[in-house]
Q: 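Mind having a look at this structure? Questions to follow.
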Amino acid sequence: MKNLISFMHISLDGFVAGPNGEMNWITLDDALFEHVENRIKRNQAALYGRVTFDMMEAYWPTAGDQPNASRHDKNHAAWYKQAHKVVMSKTLQNTGMSDRTIISDDLAEQIHLVKQQEGDEILLFGSPSATHVLMKLGLIDGYWLFVNPIILGAGIPLFNGSVGRTPLTLSDTPKTFDCGVTELKYLVK
C-alpha cells in the first residue's frame, strides 16, 4: 500500500503560505531542486487540491518547452507530464483524461483506492486546505517538510488544530541546504 506523504515548504513558525496565500518567501537553490527531483522521480503519482492543481496546470505542462527554461523546469515538467495527477475537487469535472483522477466525493474511500495502486508513495504537493481535510480523516502517513529560514508571523498554518495529538517518527536525518532550508521527514506512528 502506498504511503500518502505531505510535501510542504514551511516557515519556522509553521505557515505554508502568507496571509493572502503568497509563497514568495520560499527559499530555493539548485541543490534543493536536485534533491527534490531525485526523490520525486521515484513517484508516478501526485495528489493536489484544486487550487494547487490549477497553479500546476497553468505552468508545468509547457514550462520545460520555454526557450529560457532552467534544468529544473525541464526535469520537473517532464516528470509532471508523465505523473498521474489525483485532484481533490468538488468543481472540476472528470474529463476522461488518462493522466488524472478527480475525487469529488467519498474522499476517504477514494484515497484508500489510490493508496492501493502500484508504487511506494503518493506525494501531496502543497494544497494546505486538502492537507487539513486529509489530516482530519487520518489519511496522511507522513510529512516531508522544508523549513525555510523565515518567521512569517501570520498566514496559512500547516497544522491548524483540526486534528489532535499525532505522534511522529523522524524517518531520516535532517538535511540542511546552503540556502538555509532544512529538510525534515516524519512518518505518522
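A quick note: this is a predicted structure, and the numbers were derived from the prediction, not measured.
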Q: If you look at every heavy atom in Val16 and Pro128, which pair is closest and at what distance?
A: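 Scanning both residues completely, I find the closest heavy atoms to be CG2-CB, 3.7 Å.
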Q: Can you find a pair of side-chain heavy atoms, one from Leu107 and one from Leu137, that are under 4.5 Å apart?
A: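 The answer is yes; the side chains approach within 4.5 Å.
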Q: For the atom pair OG (Ser6) and CE (Met8), what is the distance rounded to the nearest 0.5 Å?
A: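 One finds 4.0 Å between OG of Ser6 and CE of Met8.
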Q: In a table with atom names and distances, give each donor-acceptor pair under 3.5 Å that connects a side chain of residues 49-64 to protein atoms at least two apart or in another chain.
A:
from: Arg50; atom 1: NH1; to: Asp54; atom 2: OD2; distance (Å): 2.6
from: Thr52; atom 1: OG1; to: Ser127; atom 2: N; distance (Å): 3.2
from: Thr52; atom 1: OG1; to: Ser127; atom 2: OG; distance (Å): 3.1
from: Glu57; atom 1: OE2; to: Tyr80; atom 2: OH; distance (Å): 2.6
from: Tyr59; atom 1: OH; to: Asp73; atom 2: OD2; distance (Å): 2.8

Q: Flag the pair Phe159 / Tyr143 as yes when their ring centroid distance falls below 6.0 Å, and as no otherwise.
A: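 Yes, the ring of Phe159 comes within the 6.0 Å limit of the ring of Tyr143, centre to centre.
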Q: Do Met135 and Ile122 share a hydrophobic cluster, counting only Ile, Leu, Val, Met, Phe, Trp and Tyr and linking them when any side-chain heavy atoms are less than 4.5 Å apart?
A: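 Looking at the clustering, Ile122 is in the same group as Met135.
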Q: Does one hydrophobic cluster hold both Leu123 and Ile26, with members joined at side-chain heavy-atom distances below 4.5 Å?
A: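 Yes, Leu123 and Ile26 fall within the same hydrophobic cluster.
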Q: Show the nearest heavy-atom pair for residues Cys179 and Leu32, with the distance to one decimal.
A: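 Looking at all heavy atoms of both residues, the closest pair is SG-CD1, 4.3 Å.
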Q: Above 12 or not: heavy atoms from other molecules or residues under 6.0 Å from CD of Glu118?
A: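 No.
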Q: Determine the minimum heavy-atom distance between Glu22 and Pro19, stating which atoms define it.
A: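 Nearest pair, atom of Glu22 first, then Pro19: OE2-CD, 3.1 Å.
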Q: How about Leu47 and Met88: do any of their side-chain heavy atoms sit closer than 4.5 Å?
A: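 Yes, close enough: below the 4.5 Å cut-off.
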Q: Using atom types as modelled, flag every donor-acceptor pair under 3.5 Å from a side chain in residues 167-178 to any protein atom, sequence neighbours excluded.
A:
from: Ser171; atom 1: OG; to: Lys185; atom 2: O; distance (Å): 3.2
from: Asp172; atom 1: OD2; to: Lys185; atom 2: NZ; distance (Å): 3.0
from: Thr176; atom 1: OG1; to: Thr182; atom 2: OG1; distance (Å): 3.4

Q: Quick check for you: to the nearest 0.5 Å, what is the distance between His9 atom NE2 and Leu28 atom CG?
A: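 Between His9 NE2 and Leu28 CG, I get 5.0 Å after rounding to 0.5 Å.
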Q: With Asp30, which residues qualify under salt bridge (Lys or Arg N to Asp or Glu O under 4.0 Å), at least two apart?
A: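 So Asp30 forms no salt bridge (Lys or Arg N to Asp or Glu O under 4.0 Å) with any residue.
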Q: Would a 4.5 Å heavy-atom cut-off, applied to side chains only, mark Ile150 and Leu12 as touching?
A: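 Result no, sub-4.5 Å side-chain heavy-atom pair not found.
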Q: Please determine whether a side-chain nitrogen of the Lys or Arg among Asp120 and Lys2 lies less than 4.0 Å from a carboxylate oxygen of the Asp or Glu.
A: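 Lys2 and Asp120: not salt-bridged.
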Q: Is it the case that more than 12 heavy atoms not belonging to Lys136 sit under 6.0 Å from its NZ atom?
A: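 Open.
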Q: With the 4.5 Å side-chain cut-off for hydrophobic clustering, are Ile40 and Ile10 part of the same group?
A: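 No; tracing contacts between hydrophobic side chains, which count when under 4.5 Å, never links both residues.
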Q: Can you tell which of Leu124, Leu187, Asn43, Ile140 makes a side-chain contact (heavy atoms from CB on, under 4.5 Å) with Ile5?
A: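 Exactly one pass, corresponding to Leu187.
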Q: Filter on side-chain hydrogen bond (donor to acceptor under 3.5 Å, both in side chains), then keep only pairs touching residues 103-113, sequence neighbours left out; what's left?
A: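 Passing the test, one end in residues 103-113: no pairs.
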Q: Listed by chain and number, what are the ring-ring contact (aromatic ring centres under 6.0 Å, His included) partners of Phe7, not counting sequence neighbours?
A: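 Residues passing ring-ring contact (aromatic ring centres under 6.0 Å, His included) with Phe7: Phe125, Trp144, Phe146.
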Q: For Asp141, what residues pass the salt bridge (Lys or Arg N to Asp or Glu O under 4.0 Å) criterion, not counting sequence neighbours?
A: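 Only Lys115 meet the salt bridge (Lys or Arg N to Asp or Glu O under 4.0 Å) criterion with Asp141.
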Q: Please examine the side chains of Ile156 and Phe15, heavy atoms only from C-beta on, and report whether any two atoms are closer than 4.5 Å.
A: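 When only atoms from C-beta onward are counted, Ile156 and Phe15 do not touch, as no gap falls below 4.5 Å.
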Q: How far apart are the closest heavy atoms of Val181 and Pro149, and which atoms are they?
A: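 Smallest heavy-atom distance, with atoms named: CG2-CD, 4.1 Å.
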Q: For the residue pair Leu4 and Leu134, establish whether any side-chain heavy-atom pair is separated by less than 4.5 Å.
A: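 In contact.
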Q: Does this structure show an ion pair linking Glu37 with Arg71, if we count only N-O contacts that are shorter than 4.0 Å?
A: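 Salt bridge flag = yes for Arg71 with Glu37.
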Q: Less than 4.0 Å between a side-chain N and a carboxylate O, is that true for Glu121 and Arg39?
A: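 A salt bridge is present here (some side-chain N lies under 4.0 Å from a carboxylate O).
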Q: Is there side-chain contact between Ser89 and Ile103, with heavy atoms separated by less than 4.5 Å?
A: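 Ser89 vs Ile103: side chains apart.
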Q: Do Leu158 and Tyr48 sit in one hydrophobic cluster, given that two such residues count as connected whenever their side-chain heavy atoms are within less than 4.5 Å of each other, even indirectly?
A: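 No: no chain of side-chain contacts under 4.5 Å links Leu158 to Tyr48.
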Q: With rounding to the nearest 0.5 Å, note down the distance linking NE2 in His84 to OG1 in Thr101.
A: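 One gets 2.5 Å once the value is rounded to the nearest 0.5 Å.
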Q: Rounded to the nearest 0.5 Å, what separates atom OG1 in Thr27 from atom CG in Asn148?
A: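 Rounded to the nearest 0.5 Å, the OG1-CG separation comes to 4.5 Å.
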Q: Measuring only between side-chain heavy atoms, which start at C-beta, is His132 closer than 4.5 Å to Val163?
A: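 No, their side chains stay 4.5 Å or more apart.
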Q: Can you confirm whether Leu152 sits close enough to Asp13 that some side-chain heavy atom of one is under 4.5 Å from a side-chain heavy atom of the other?
A: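 Leu152 reaches Asp13 side chain to side chain.
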